[in-house]
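The block underneath contains the structure these notes are about, expressed in structure tokens.
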Amino acid sequence: MVGHKKNYDITSEIIQAKNILWTCQQCGVYHLVFSSFIRTGNELTGVNFIDSKVEIERLIRLRGISFTILRCALFMENIKIQPNKRKIEGNYSGETLVPYIALADIARGAGIIFKNPGTYKKMTIDLIADFLTGNKIAEILSLVYHGRNFKYYAVKSWKLWILKPDVYQLRRFLEKQNKQSFHKMFVKTQNFFIGSRFNPLKVGEFLTKKLKLSDRIKDL
């Protein structure tokens with residue numbers, strides 16, 4: 001997010017993007033990889049920090065430079081877990097499907113592109129490794145950690161509407177999506193990564209490693 005305001009600063013983000021694009025042209029940057037946000041088309045969504053990406057993607061295509069756009073899912077690193085309380089907190093209802101990708105896998109994807117920019121020139125690639133509900137994440141962790149019954153707690157919708165209107169918009173956006181659209185994006189991600197001989201992390205794998213690391217730190 002640009003700045004520290006309650007509402008997402010679209011204007012500043014687009015200005016920054018224009019400055020970066022101008023610099024790329026002036027410095028003769030050979031290939032640009034832009035990290036965008038997943039969606040099913042190029043239309044506006046009503047979510048500020050997604051629609052700003054829609055505009056930036058349009059600007060990139062108009063500049064005539066070599067590019068690849070990575071439309072990334074939500075970051076697994078932002079899943080809030082309180083292991084001692086066996087609690088998972090989220091901004092989405094427990095039954096809303098949420099798409100995820102690990103930051104390390106976004107970096108791997110960008111690395112693949114930078115090694116072979118000609119192969120991915122002017123391409124838009126979805127990056128989604130998993131799509132799960134909050135309740136399903138709690139169920140997975142409860143199975144992994146025997147004796148620990150994790151529970152998912154969603155922030156009340158009205159609280160988001162008052163305190164975090166942009167996150168509220170995102171919540172509504174995700175609620176309107178369906179499993180079929182996420183599955184299509186997921187398949188595209190798998191096809192993209194298959195050539196590099198590794199699979200992106202699933203949410204369960206990522207959180208298991210995260211909690212094990214947390215336990216090790218406590219034992220030190």
Side-chain angles (χ1 to χ4, degrees), residues 1-25 31-76 78 90-93 95-101 103 106 109-110 113 120-134 154-189 192:
M1 180 177 291
V2 180
H4 301 280
K5 299 179 181 179
K6 184 167 68 173
N7 293 321
Y8 196 82
D9 192 346
I10 297 177
T11 303
S12 294
E13 183 179 18
I14 292 175
I15 290 173
Q16 287 179 357
K18 289 179 178 179
N19 290 338
I20 291 171
L21 289 173
W22 179 86
T23 303
C24 286
Q25 286 184 309
H31 193 80
L32 172 70
V33 176
F34 174 61
S35 175
S36 188
F37 195 90
I38 60 159
R39 59 187 187 280
T40 54
N42 294 315
E43 299 80 18
L44 296 177
T45 63
V47 183
N48 288 339
F49 53 82
I50 298 180
D51 290 346
S52 62
K53 310 284 187 301
V54 174
E55 173 62 14
I56 293 170
E57 287 185 18
R58 186 187 71 83
L59 293 172
I60 290 172
R61 294 187 178 95
L62 289 175
R63 287 286 178 169
I65 60 177
S66 179
F67 70 86
T68 304
I69 294 171
L70 295 179
R71 289 182 177 173
C72 306
L74 278 72
F75 305 150
M76 293 182 189
N78 289 338
N91 293 317
Y92 320 104
S93 72
E95 293 303 320
T96 298
L97 278 173
V98 180
Y100 291 104
I101 187 79
L103 290 173
I106 297 175
I113 293 167
Y120 302 101
K121 185 176 181 180
K122 294 185 179 182
M123 288 183 63
T124 299
I125 301 170
D126 297 317
L127 285 186
I128 171 173
D130 211 349
F131 51 102
L132 294 172
T133 65
V155 177
K156 298 293 185 182
S157 182
W158 64 267
K159 285 187 177 180
L160 291 178
W161 183 70
I162 294 173
L163 301 174
K164 297 180 179 179
D166 295 307
V167 177
Y168 174 78
Q169 290 175 347
L170 178 59
R171 177 171 174 158
R172 294 293 303 274
F173 170 75
L174 292 175
E175 288 173 349
K176 293 177 182 178
Q177 303 305 302
N178 57 62
K179 187 174 182 178
Q180 186 177 9
S181 64
F182 283 147
H183 184 69
K184 288 179 180 179
M185 297 177 193
F186 172 73
V187 170
K188 289 179 181 179
T189 301
F192 169 63

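The analysis underlying the following values was restricted to heavy atoms, covering all of them including side chains, and did not include hydrogens, waters or symmetry mates. The model shown is predicted, which means the values in this text are computed figures rather than measured ones. Heads up: numbering here begins at 1 and tracks the sequence.
Of all heavy-atom pairs between Phe192 and Leu127, the closest is CD2-CD2, 3.9 Å. When all heavy atoms of Ser36 and Ile69 are compared, the closest pair comes out as CB-CG2, 3.8 Å. Nearest heavy atoms, Ile128 versus Phe186: CG2-N, 3.3 Å.
A heavy-atom distance below 4.5 Å is found between the side chains of Phe37 and Leu74. No side-chain heavy atom of Thr96 sits less than 4.5 Å from a side-chain heavy atom of Arg171. The shortest distance between side-chain heavy atoms of Gln177 and Arg39 does not fall below 4.5 Å. Considering only heavy atoms from C-beta on, Ile20 stays 4.5 Å or farther from Thr23 through its side chain. Leu174 places a side-chain heavy atom less than 4.5 Å from the side chain of Pro99. Counting only heavy atoms from C-beta outward, the side chains of Thr133 and Leu97 approach each other to under 4.5 Å. In this structure, Ser35 and Lys53 have side chains that are not in contact, with every pair of non-hydrogen atoms separated by 4.5 Å or more.
Put simply, NZ on Lys164 and CG on Asp166 are 11.0 Å apart, with the number rounded to the nearest 0.5 Å. Separating the OH atom in Tyr168 from the CD1 atom in Ile162 is a distance of 10.5 Å, to the nearest 0.5 Å. The distance from the CZ atom of Phe182 to the CG atom of Leu132 is 11.0 Å, given to the nearest 0.5 Å. Separating the CE atom in Met185 from the SG atom in Cys72 is a distance of 12.0 Å, to the nearest 0.5 Å. To the nearest 0.5 Å, atom CG of residue Leu59 and atom NZ of residue Lys18 are 6.0 Å apart. Residue Ile65 holds its CD1 atom at 10.5 Å from NZ of Lys122, rounded to the nearest 0.5 Å.
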Any chance you could lay out the side chain to side chain contact (heavy atoms under 4.5 Å, CB included) test for Tyr120 and Leu70, step after step, and finish with the verdict? CA-CA 11 Å; Tyr120 302 101; Leu70 295 179; over 6 Å; no
Please test Gln169 against Asn48 for side chain to side chain contact (heavy atoms under 4.5 Å, CB included), starting from the C-alpha separation and ending with a verdict. CA-CA 8 Å; Gln169 290 175 347; Asn48 288 339; 3.6 Å; yes
Please walk me through it: do Tyr92 and Leu170 pass side chain to side chain contact (heavy atoms under 4.5 Å, CB included)? CA-CA 9 Å; Tyr92 320 104; Leu170 178 59; 3.3 Å; yes
Yes or no on side chain to side chain contact (heavy atoms under 4.5 Å, CB included) for Lys121 and Phe67, after CA distance, side-chain angles and deciding distance? CA-CA 6 Å; Lys121 185 176 181 180; Phe67 70 86; over 6 Å; no
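Legend: residues meeting salt bridge (charged side-chain N to carboxylate O under 4.0 Å, His left out) with Asp130, ordered by chain and number and at least two apart, are absent. Remark: Arg61 pairs with Glu57 by the salt bridge (charged side-chain N to carboxylate O under 4.0 Å, His left out) rule, at least two apart or across chains.
The backbone N or O of Arg63 lies less than 3.5 Å from a partner atom in the side chain of Gln25, making a donor-acceptor pair. Put simply, the side chain of Lys188 never gets that close to the backbone of Lys184: no donor and acceptor are under 3.5 Å apart. Using modelled atom types, one side-chain atom of Thr189 and one backbone atom of Asp126 make a donor-acceptor pair closer than 3.5 Å. Of the possible donor and acceptor atoms, none in the side chain of Arg71 sits under 3.5 Å from a partner among the backbone N and O of Thr124.
Side-chain contact check for Asp51 and Thr45: at least one donor-acceptor pair (N or O, by modelled atom type) lies under 3.5 Å.
Note: His183 and Phe131 have perpendicular aromatic rings, judged against thresholds of 30 and 60 degrees for the angle between ring planes.
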